[in-house]
Amino acid sequence: MNKRTFFVLLGVPGAGKGTQAKLLQERLGLPQISTGDIFRYNLKNLTELGLLAKSFMDKGELVPDEVTIRMVEDRLGQDDAAGGAILDGFPRNLIQADALDEMTADYGGISLVPLIQISDDEAMRRITGRRVCRTCGAVYHIEFNPSAKEGRCDLDGGELYQRDDDKPETVSNRLYVYYKHTSPLIGYYFAHRLLAEIDGTQGIERVQAELMSLLVESENAE
Ligand code: ADP
Ligand code: AMP
Ligand code: ZN
């Protein structure tokens, strides 16, 4: 069998999945696959997919499974995912989880599902203070992880903006959608003995260190 490594990062919106995945990808040599980032990239380029996704993202609803699953399938087929991937924001419901099981079955399945845990109040603080680079997608927080120069990306000087769906009105629906559709995945992966819980209220570096040791441990166990 051609073994590949797939990690799925779970957690409420704002838990720190994207922040952690971006740090992990260099250290693990695996690409971060963020469905939210792919939708936003498509929207920036005004593709049909981007415009369709926008109508759901603006309300904090899930983009239809058929579209999302096909997009992930295509992405996993690209060369840089030949060794596996770090999935961030996918799967988001049981139908997508089933689809991912099928996509990864020939490669040894999913290796580990870290669940990054924070409270809803913390999620609200993190999301409403989140700022994203228009050029490279780097993620900052006005208070918890500020850029050196206000409003500008440390990596490329790009403009930092607030996502439309990071306004408080939309965030509460995104949390509702998470508990209704995504949180059942916690039980699903627990039953498959893949779940590993992490205290996401710690600083970015501490969470990263704990994640790294869990991931390395899971790889060595195989
Ligand atoms: P997610 O991808 O889970 O939605 P992000 O990685 O975008 O979450 O993080 C949400 C916000 O919280 C960002 O503004 C980020 O800078 C900030 N953040 C991420 N991890 C931490 C942490 N451990 N402590 C404080 N703030 C954090
Ligand atoms: P995120 O960047 O993960 O916060 O996702 C932003 C938005 O993109 C979500 O609120 C959804 O509207 C959409 N989205 C991202 N990933 C998925 C997915 N796996 N399934 C359906 N919709 C998604
Ligand atoms: Zn940037």
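The basis for the numbers below is simple: all heavy atoms, side chains too, and nothing from hydrogens, waters or symmetry mates. For ligands, and for the atoms within them, numbers begin at 1 and follow the listed sequence. Numbers for residues simply follow the sequence, beginning at 1.
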Inset, instruction - Tell me whether Ile127 is reachable from Ile142 by hopping between hydrophobic residues (I, L, V, M, F, W, Y) whose side-chain heavy atoms are closer than 4.5 Å. - result: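 No, separate clusters.
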What protein heavy atom sits nearest [atom], and how far off is it?
atom	result
atom 7 (O) of ligand 1	Arg130 NH1, 2.6 Å
atom 20 (N) of ligand 1	Ile204 CG1, 3.6 Å
atom 14 (O) of ligand 1	Tyr140 O, 2.8 Å
atom 4 (O) of ligand 1	Gly14 N, 2.8 Å
atom 2 (O) of ligand 1	Gly18 N, 2.8 Å
atom 13 (C) of ligand 1	Val139 CG1, 3.6 Å
atom 8 (O) of ligand 1	Gly16 N, 3.2 Å

Inset, instruction - Take atom OH of Tyr176 as the centre, draw a 6.0 Å sphere, and report whether it contains more than 12 heavy atoms from other residues, nucleotides or ligands. - result: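 Atom OH in Tyr176 is not crowded, with 12 or fewer foreign heavy atoms closer than 6.0 Å.
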Inset, instruction - Mark yes when over 12 heavy atoms from residues, nucleotides or ligands other than Glu169 sit less than 6.0 Å from its CD; otherwise mark no. - result: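 Count over threshold, so yes.
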Close N/O pairs between ligand 2 and protein, under 3.5 Å:
from: ligand 2; atom 1: 2 (O); to: Arg40; atom 2: NH1; distance (Å): 3.0
from: ligand 2; atom 1: 2 (O); to: Arg40; atom 2: NH2; distance (Å): 2.9
from: ligand 2; atom 1: 2 (O); to: Arg163; atom 2: NH2; distance (Å): 3.4
from: ligand 2; atom 1: 3 (O); to: Arg92; atom 2: NH1; distance (Å): 3.1
from: ligand 2; atom 1: 3 (O); to: Arg92; atom 2: NH2; distance (Å): 3.1
from: ligand 2; atom 1: 4 (O); to: Arg163; atom 2: NH2; distance (Å): 3.0
from: ligand 2; atom 1: 4 (O); to: Arg174; atom 2: NH2; distance (Å): 3.2
from: ligand 2; atom 1: 5 (O); to: Arg92; atom 2: NH2; distance (Å): 3.4
from: ligand 2; atom 1: 12 (O); to: Glu61; atom 2: O; distance (Å): 2.6
from: ligand 2; atom 1: 16 (N); to: Thr35; atom 2: OG1; distance (Å): 2.7
from: ligand 2; atom 1: 16 (N); to: Gly89; atom 2: O; distance (Å): 3.3
from: ligand 2; atom 1: 16 (N); to: Arg92; atom 2: NH1; distance (Å): 3.0
from: ligand 2; atom 1: 19 (N); to: Gly89; atom 2: O; distance (Å): 2.9
from: ligand 2; atom 1: 19 (N); to: Gln96; atom 2: OE1; distance (Å): 3.0
from: ligand 2; atom 1: 20 (N); to: Gln96; atom 2: NE2; distance (Å): 2.9
from: ligand 2; atom 1: 22 (N); to: Val63; atom 2: N; distance (Å): 3.0

Legend entry - Lys/Arg cation over aromatic Tyr161: Arg134, 6.0 Å, 45° cone: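 Yes.
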Inset, instruction - May I ask you to establish whether Lys59 and Phe56 are in a cation-pi arrangement, using a distance under 6.0 Å from NZ or CZ to the six-membered ring centre and at most 45° from the ring axis? - result: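 Judged by the rule (NZ or CZ under 6.0 Å from the ring centre, within 45° of its axis), Lys59 counts as positioned above Phe56.
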Using a strict cut-off of 4.0 Å, indicate which atoms of ligand 1 neighbour a heavy atom of [X].
X	value
His141	14 (O), 16 (O)
Asn145	16 (O)
Ala15	3 (O), 8 (O)

Could you say whether the N/O atoms of [X] and ligand 1 ever approach to under 3.5 Å?
X	value
Phe144	no
Gln20	no
Asp88	no
Pro13	no

We want to know whether [X] and [Y] form a side-chain donor-acceptor pair, criterion being a heavy-atom distance below 3.5 angstrom.
X	Y	result
Tyr178	Asp120	no
Asp101	Tyr188	yes
Asp65	Asn93	yes

Inset, instruction - Mind running salt bridge (charged side-chain N to carboxylate O under 4.0 Å, His left out) on Arg70 and Glu73 for me, showing each step along the way? - result: CA-CA 5 Å; Arg70 196 172 345 114; Glu73 240 162 2; over 6 Å; no
Legend entry - Proximity of Gln202 to ligand 1 by residue part, where a heavy atom lies under 4.0 Å: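 Gln202 to ligand 1: backbone contact only, side chain stays beyond 4.0 Å.
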Inset, instruction - Have a look at ligand 1 and work out which part of Thr19, if any, has a heavy atom under 4.0 Å from it: side chain, backbone, both or neither. - result: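 It is both backbone and side chain that touch ligand 1.
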Inset, instruction - Return yes if some donor-acceptor pair links the side-chain N/O of Asp199 with the main-chain N/O of Thr201 below 3.5 Å, else return no. - result: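 Side chain of Asp199 to backbone of Thr201: a pair is present.
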Inset, instruction - Could you tell me whether a side-chain N or O of Asn42 sits under 3.5 Å from a main-chain N or O of Ile38, the two making a donor and an acceptor? - result: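 Side chain of Asn42 to backbone of Ile38, a donor-acceptor pair under 3.5 Å: yes, one is there.
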Legend entry - Within-4.5 Å side-chain heavy-atom neighbours: Leu28 and Met212: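 Yes - at least one pair of side-chain heavy atoms lies under 4.5 Å apart.
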Legend entry - Geometric class of the Phe144/His141 ring pair [parallel <30°, tilted 30-60°, perpendicular >60°]: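 Geometry flag for Phe144 against His141: parallel rings.
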Legend entry - Criterion side-chain contact (heavy atoms from CB on, under 4.5 Å) on Ile198 and Gln117, from CA distance to verdict: CA-CA 6 Å; Ile198 291 193; Gln117 292 182 299; over 6 Å; no
Legend entry - Winner among Arg163, Glu122, Arg126, Glu205 once heavy atoms are compared against atom 18 (N) of ligand 1: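 Of the listed residues, Arg126 has the closest heavy atom.
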Inset, instruction - Assess Asp156: does it contribute an N, O or S atom lying under 2.8 Å from the Zn ion (ligand 3)? - result: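 For Asp156, the answer is yes, given that an N, O or S atom comes within less than 2.8 Å of the Zn ion (ligand 3).
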Legend entry - SG (Cys136) - the Zn ion (ligand 3) - SG (Cys133) angle, nearest 10°: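 Here the angle at the metal atom is close to 110°, to 10°.
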Legend entry - Over all atoms of both residues, closest heavy-atom pair of Ile118 and Ala15: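 Of all heavy-atom pairs spanning Ile118 and Ala15, the closest is CD1-CA, 3.7 Å.
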